[in-house]
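Because the structure is a prediction, the values reported are computed rather than measured. Letters A, B, ... are given to chains in the order of the sequence lines, protein chains preceding strands, and every chain is numbered from 1.
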Number of protein chains: 2
Amino acid sequence: MSNVKVLPVLEPEMAPCCPPLSERPLTAEEAERTAVMFKALGDPVRLRLFSAVASHEGGEACVCDISDVGVSQPTVSHHLKKLKEAGLLSSERRGTWVYYRVEPAVLAAMGALLTKAASA
Amino acid sequence: MSNVKVLPVLEPEMAPCCPPLSERPLTAEEAERTAVMFKALGDPVRLRLFSAVASHEGGEACVCDISDVGVSQPTVSHHLKKLKEAGLLSSERRGTWVYYRVEPAVLAAMGALLTKAASA
DNA sequence: CACCTGATTCGACAGTCGTCAACATAGACA
DNA sequence: TGTCTATGTTGACGACTGTCGAATCAGGTG
């Protein structure tokens, strides 16, 4: 969790994981990878945490700013870890606090996946 | 591509469930409703079934066309029921076979939710 | 150094989920 | 009517998940 990752400007494609959804049936492997991201957003607490980070000033927030979602602090940390493992968030420690920020590329890929599916 | 259903011009809002994701932190109730849809797509088998329906001819498919996803037939029926309960699919019996089709409005709402979140 | 605060990890528990075999239901057809 | 095929439902079981308290780690401050 020490990677200061800047925005990837020279990214070849939007997603590392997401083939279009309504073009052709997903293979087992594709579904396995894609389901991880959807599952990460499939919990109310995680959805609130993610939304809190995404809507925060500068697209990043420390844990102390988003911890009031009705569960204990270990649970918050557990959910943030899940979101990070799914590739939706990245964390960085700055002094006392740990800051989380969204991964716009993965998110855009999921959005495009659904949008294209809806237009088909 | 049958033009049975034209684009809904007078549609007040795209979704019955989905507030923007990066505009403001989701409330507990909003997160609860939205998480249901993401959770429905958070399983590999359901994702394959949904993709199979969405990519099928005319946007609909009978169960017999999409049942080869590696699980038993009752499990397929169980997952299709979950997708229907989440509002992502709708079913209709025509004679012997039951046809499933995607709900484009809900899907577009999810896509917009993520796309707007990514652009923020 | 000791102490405090923020955050993660550990260990445990209840609840949910995915899966299947068995059974039930719906329609077609003879 | 009966039988056959296509789906859905039920019940059960193992695995996973969300949750918490307690312990631990990381950094700042006195």
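For the pair B:R46 CZ and C:dG18 C1', the computed distance is 8 Å after rounding to whole Å. Rounded to whole Å, the distance from CD on B:E85 to P on C:dC17 is 10 Å. One interatomic measurement links the two molecules: CH2 of B:W97 to P of C:dA28, which rounds to 9 Å at whole-angstrom precision.
The phosphate of C:dC17 has neither OP1 nor OP2 within less than 4.0 Å of any side-chain N or O from B:K82. An OP1 or OP2 oxygen of C:dT8 is reached within less than 4.0 angstrom by no side-chain nitrogen or oxygen of A:K81. Note on A:Y100: a side-chain N or O is less than 4.0 Å away from OP1 or OP2 of C:dT8.
Distance from the side chain of B:T96 is smallest to C:dA28 among C:dA28, C:dT8, C:dG6.
Proximity of a side-chain donor or acceptor of A:E23 to a complementary backbone N or O of A:P20 within less than 3.5 Å is not detected. In this structure, the side chain of A:T75 does not engage the main chain of A:V71 through any donor-acceptor pair within 3.5 Å. A:S55 places a side-chain N or O within donor-acceptor distance of the main-chain N or O of A:S51, the cut-off being under 3.5 Å.
The CG atom of A:L26 lies 9.0 Å from the CZ atom of A:R33; values are rounded to the nearest 0.5 Å. A:K82 NZ to A:L89 CG: the interatomic distance, rounded to the nearest 0.5 Å, is 13.5 Å. Rounded to the nearest 0.5 Å, atoms CE (A:M37) and CG (A:L83) are 12.5 Å apart.
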Could you go through A:S90 and A:E103, starting from their C-alpha distance and side-chain angles, then the distance that decides it, and tell me whether this counts as side-chain hydrogen bond (donor to acceptor under 3.5 Å, both in side chains)?
CA-CA 7 Å; A:S90 60; A:E103 286 293 337; 3.3 Å; yes
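In summary, contact between chain B and DNA chain D, defined as any nucleotide atom under 4.0 Å from a heavy atom of the protein, begins and ends at D:dA6 to D:dT9 in the 5' to 3' direction.
DNA chain C is contacted by B:V71, B:S72, B:P74, B:T75, B:H78, B:H79 of residues 65-80 of chain B, taking any non-hydrogen atom closer than 4.0 Å.
For the pairing with A:H79, the side chain to side chain donor-acceptor pair (under 3.5 Å) check across A:R48, A:K84, A:R46 returns one residue only, A:R46.
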